[in-house]
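Heads up, the thing below is written out as structure tokens.
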Number of protein chains: 2
Amino acid sequence: MKKHEEQFLEYLSRKKLKNTSQRMIILKAFLRQKSHLSTEDFYLQLRKKHPGIGYATVHRTLKLFSECGIASERNFGDGQMRFEVSLDNEHHDHLVCTDCGRIIEFEDPQIEKLQLEIAQKHDFVIKDHRLELYGLCGDCQATA
Amino acid sequence: MKKHEEQFLEYLSRKKLKNTSQRMIILKAFLRQKSHLSTEDFYLQLRKKHPGIGYATVHRTLKLFSECGIASERNFGDGQMRFEVSLDNEHHDHLVCTDCGRIIEFEDPQIEKLQLEIAQKHDFVIKDHRLELYGLCGDCQATA
DNA sequence: CGATAAATTGAAATCCGTTTTCAAAATCGT
DNA sequence: ACGATTTTGAAAACGGATTTCAATTTATCG
Ligand SMILES: [Mn+2]
Ligand SMILES: [Mn+2]
Ligand SMILES: [Zn+2]
Ligand SMILES: [Zn+2]
């Protein structure tokens, strides 16, 4: 987990950006966070300990994390941007419970391979992709 | 293509909604449309022939189409809602060119099957899913 | 150290697509 | 045609993301 911090600091100096207390606080909170939080939720969380830090700063800093590669932006179609820590250059996709919001991550090399084949067949070069499976988690099937 | 019209009319009467000239005009334009248009683009298109019809009505009517099953809402992550005619209950996914916006549809039974297996493994019941491959189409690779 | 230029901050304003409001108009069963 | 109900279009409201701006903080250099 030290790698993320280094990567961010390196990005700051490379871009001639400044290292501020707010940025360090947000970074630490972000790395400790339960993932897939919306900007708003993350901000509300952070505000408990650090009421002085503004929403704009949180928003801007999360964008920085994304730019420098330590965070991934996610969009689960609910109109909120979400962020998660990105580990190395691992990729994963998501199961999303539409009832309780639970999110399960998965990785499937077979699907990834099939995606590449499809792209080739249509003369596409893939830069990115999103796969999300929406449904009910075990708990919510019981409740329903 | 008559089926869509019937399905919409049936939905209207079932929900005790009224059949208006605007709704019929929008329906015809929608069925004739080049797919994956945003509400805004569809509205601008429609307005050329029917300047009297308001954006709100177009928006509400597209929602109706979606509710009654003759349209599918799509969200390609650019902050615009898009609509397309849904054929029978066929499902398909999308290749999206991030340069020129070209959209290619595809279907892959193997991927669908693997998705089901993943869901089972995590005790999920899938209701819906989205798979989008973002990249460059053949033309745009050349240009770049 | 200071001084200074440059970057950052937080609050508020703005943006932009979506959705709602509301009074006037249209629909449709009778 | 009547009257209850629904629909319409313009404008306002909404909600999240982004920008503005004056005040503050940071980093660099003498
Ligand atoms: Mn994740
Ligand atoms: Mn399509
Ligand atoms: Zn659940
Ligand atoms: Zn292209």
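- Put simply, CD on B:Q80 is 9 Å from C1' on C:dC16, counting in whole angstrom units.
- Atom CG of B:L12 is separated from atom C1' of C:dG29 by 16 Å (rounded to the nearest Å).
- A:I103 belongs to a hydrophobic cluster whose other members, connected by ILVMFWY side-chain contacts under 4.5 Å either directly or through intermediates, are A:F76, A:V96, A:Y134.
- A:Q110 CD: 12 or fewer foreign heavy atoms inside a 6.0 Å radius.
- Between B:Y55 and B:H59, the angle of the ring planes stays under 30°, which puts this pair in the parallel group of the 30/60° scheme.
- When the C1' atom of D:dG16 is taken as reference, atom CG of A:D41 falls 12 Å away, rounded to whole Å.
- For residues 44-72 of chain A, proximity to DNA chain C is found at A:G52, A:I53, A:G54, A:A56, A:T57, A:R60, defined as any non-hydrogen atom under 4.0 angstrom from a strand atom.
- Among residues two or more places apart in sequence or in another chain, the side chain to side chain contact (heavy atoms under 4.5 Å, CB included) test is passed with B:Q22 by B:T20, B:I53, B:T57.
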Name the atoms and distances for all side-chain donor-acceptor pairs under 3.5 Å in residues 116-125 of chain B, with sequence neighbours left out.
unit_1: B:H122; atom_1: ND1; unit_2: B:I118; atom_2: O; d: 3.0

In B/S/- notation (B base, S sugar-phosphate only, - none; protein heavy atoms under 4.0 Å), nucleotides 23-30 of chain D written 5' to 3' is ---BS---
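- Separating the OH atom of A:Y43 from the C1' atom of D:dG15 is a distance of 16 Å, rounded to the nearest angstrom.
- For the pair A:D78 CG and D:dG16 C1', the computed distance is 11 Å after rounding to whole Å.
- For the pair A:I26 CD1 and C:dG10 C1', the computed distance is 11 Å after rounding to whole Å.
- The CZ-C1' distance, from A:R82 to D:dG16, rounds to 12 Å in whole Å.
- If you run ring-ring contact (aromatic ring centres under 6.0 Å, His included) between A:F65 and each of A:F42, A:F83, A:Y11, A:F8, only A:F8 comes through.
- Ion pairing between A:E84 and A:R82 fails under the 4.0 Å rule for side-chain N and carboxylate O.
- Proximity of a side-chain donor or acceptor of A:D88 to a complementary backbone N or O of A:E90 within less than 3.5 Å is not detected.
- By the salt bridge (Lys or Arg N to Asp or Glu O under 4.0 Å) test, A:E67 pairs with no residue at all, sequence neighbours left out.
- Rounded to a whole Å, the CE atom of B:M81 is 6 Å from the P atom of C:dT18.
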